[in-house]
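So the structure is just underneath, and the comments pick up after that.
The figures that follow rest on heavy atoms only: side chains count, while hydrogens, waters and symmetry mates do not. Throughout, numbering of the chain's residues begins at 1 and tracks the sequence.
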Amino acid sequence: RRSERGLGSAELSAQVAAQARAALTEADRRRYRRLPMDVAVRIAERATSRESAELFLAKVRNVSENGAFVHAEHPLPIGTFVALEFNLEDKGARVNALGVVRWISRAPDEPGMGVQFVEVSTPDRRDLRDYVDERAAAEMARVLTQTPAHRTILRLLAMHWGESLSADQIARTTGTGRLLLLRTLADFERHGLVEVAGDAVTCVRPTSPRVLEVLSRVASGGRSEGGG
């Protein structure tokens, strides 16, 4: 009889895909990691990328290095150029960006517009990147240490960044049962830390130095900043 920890390659691919790939599709489409926030934003509507026009206030609901979702009762038309000015929470940094409205939402509970940044100064983009990386690292550390299985698998991955392990090897080394391993790997795949192909599980080294630093620290038994 097959062991509970024995993993068929077809089962692994299908089950992990069912649990994680839908989220990855959305993440890939949006390209940059988006984080929730709730800060006031000053918006100057522009007829072109250089011509100033009407100024009004709104709220930024989420932000990435590449853009933001702005809550607005009356969103501007797609293609409208806007100049945005807002603060990054807890950093004391103010960001000024030129953007263009790429999509709008008329949902009753969250009307607004998705703005793609097309011009941001190098210092402001660096502040945005640091802001996103710091909060993404903290959220990943929280999710990927939520259970003993998560913590054990994270420690193993941290010793094998860039390498490929078999699912059976991970199960044996961590003492994790088949179903629990599948559920846990789905969390790691959703955060881009593993790629599953058949029975092979590739440990993907984080590209963000901040994320790598935080995950390496918690993998070795430390805490993320602000973590419990």
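- A97 approaches V120 most closely through the heavy-atom pair CB-CG2, 3.7 Å.
- With contacts defined as side-chain heavy-atom distances shorter than 4.5 Å, the pair V143/Q146 qualifies.
- Atom-to-atom distance recorded for R178:CZ and D168:CG is 11.0 Å, nearest 0.5 angstrom.
- Counting only heavy atoms from C-beta outward, the side chains of R210 and D130 never approach each other to under 4.5 Å.
- Applying the salt bridge (Lys or Arg N to Asp or Glu O under 4.0 Å) test to pairs two or more places apart or on separate chains, none has a residue in residues 200-209.
- In this view, R42 satisfies the side chain to side chain donor-acceptor pair (under 3.5 Å) rule with no residue, not counting sequence neighbours.
- If you take CG on L212 and CZ on R217, they are separated by 11.0 Å, rounding to the nearest 0.5 Å.
- With sequence neighbours left out, the side chain to side chain donor-acceptor pair (under 3.5 Å) criterion links Q169 to no other residue.
- There is a path of hydrophobic side-chain contacts, each under 4.5 Å, that joins L35 to V41.
- The shortest side-chain heavy-atom distance between P206 and W161 falls under the 4.5 Å cut-off.
- For the pair R135 and E139, the salt-bridge criterion is not met [side-chain N within less than 4.0 Å of a carboxylate O].
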Please output the side-chain donor-acceptor pairs of residues 73-83 that fall under 3.5 Å, not counting sequence neighbours, one pair per line with the distance.
| residue | atom | partner | partner atom | Å |
| --- | --- | --- | --- | --- |
| T80 | OG1 | P77 | O | 2.7 |

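- Remark: N87 engages R94 in a side chain to side chain contact (heavy atoms under 4.5 Å, CB included) (not counting sequence neighbours).
- Residues N96 and S121 have side chains not in contact (no heavy-atom distance under 4.5 Å, counting atoms from C-beta outward).
- Residues I43 and M113 are in side-chain contact: their nearest non-hydrogen atoms beyond the backbone lie under 4.5 Å apart.
- Contacts of D38 classified as salt bridge (charged side-chain N to carboxylate O under 4.0 Å, His left out), with partners at least two apart in sequence or in another chain: K59, R61.
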| task | I would like to know whether L193 and L144 meet side-chain contact (heavy atoms from CB on, under 4.5 Å); could you show each step before the answer? | result | CA-CA 10 Å; L193 294 181; L144 301 180; 3.3 Å; yes
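- Residues V201 and F188 form no side-chain contact, since every pair of their non-hydrogen atoms from C-beta on lies 4.5 Å or further apart.
- With sequence neighbours excluded, no residue satisfies salt bridge (charged side-chain N to carboxylate O under 4.0 Å, His left out) with R155.
- No single ILVMFWY cluster, assembled from side-chain heavy atoms under 4.5 Å apart, contains both V204 and V214.
- Between the side chain of T176 and the main chain of I170, no donor-acceptor pair closer than 3.5 Å is present.
- Annotation: the span from E110 atom CD to F69 atom CZ amounts to 4.5 Å, rounded to 0.5 Å.
- Going from atom CG of N66 over to atom CZ of R102 covers 9.5 Å, rounded to the nearest 0.5 Å.
- By the side chain to side chain contact (heavy atoms under 4.5 Å, CB included) test, P108 pairs with no residue at all, sequence neighbours left out.
- For the atom pair T147 OG1 and I153 CD1, the distance stands at 7.5 Å (nearest 0.5 Å).
- In this structure, the side chains of V63 and Y131 come closer than 4.5 Å at one or more pairs of heavy atoms.
- Considering CG of L157 and OG1 of T174, their distance stands at 9.5 Å, rounded to 0.5 Å.
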| message | Before you tell me yes or no, could you show the steps for R183 and L179 under side-chain contact (heavy atoms from CB on, under 4.5 Å), namely the whole-Å CA-CA distance, both residues' side-chain angles and the distance that decides it to 0.1 Å? | response | CA-CA 6 Å; R183 289 196 297 268; L179 294 179; 4.0 Å; yes
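- Take R129 and apply the salt bridge (charged side-chain N to carboxylate O under 4.0 Å, His left out) test, not counting sequence neighbours, and it matches E65.
- Taking every heavy atom of both residues into account, G99 and L84 meet most closely at N-CD1, 4.3 Å.
- Taking T202 as the reference, nothing meets the side chain to side chain donor-acceptor pair (under 3.5 Å) condition, with sequence neighbours excluded.
- Every residue two or more places apart in sequence or in another chain that forms a side chain to side chain contact (heavy atoms under 4.5 Å, CB included) with E163 is listed here: H160.
- In this view, T145 and R151, L154, V218 satisfy the side chain to side chain contact (heavy atoms under 4.5 Å, CB included) rule, not counting sequence neighbours.
- Side-chain contact check for L165 versus L156: some heavy-atom pair is nearer than 4.5 Å.
- V196 and L180 are not part of a single hydrophobic cluster, where members link through side-chain heavy atoms under 4.5 Å apart.
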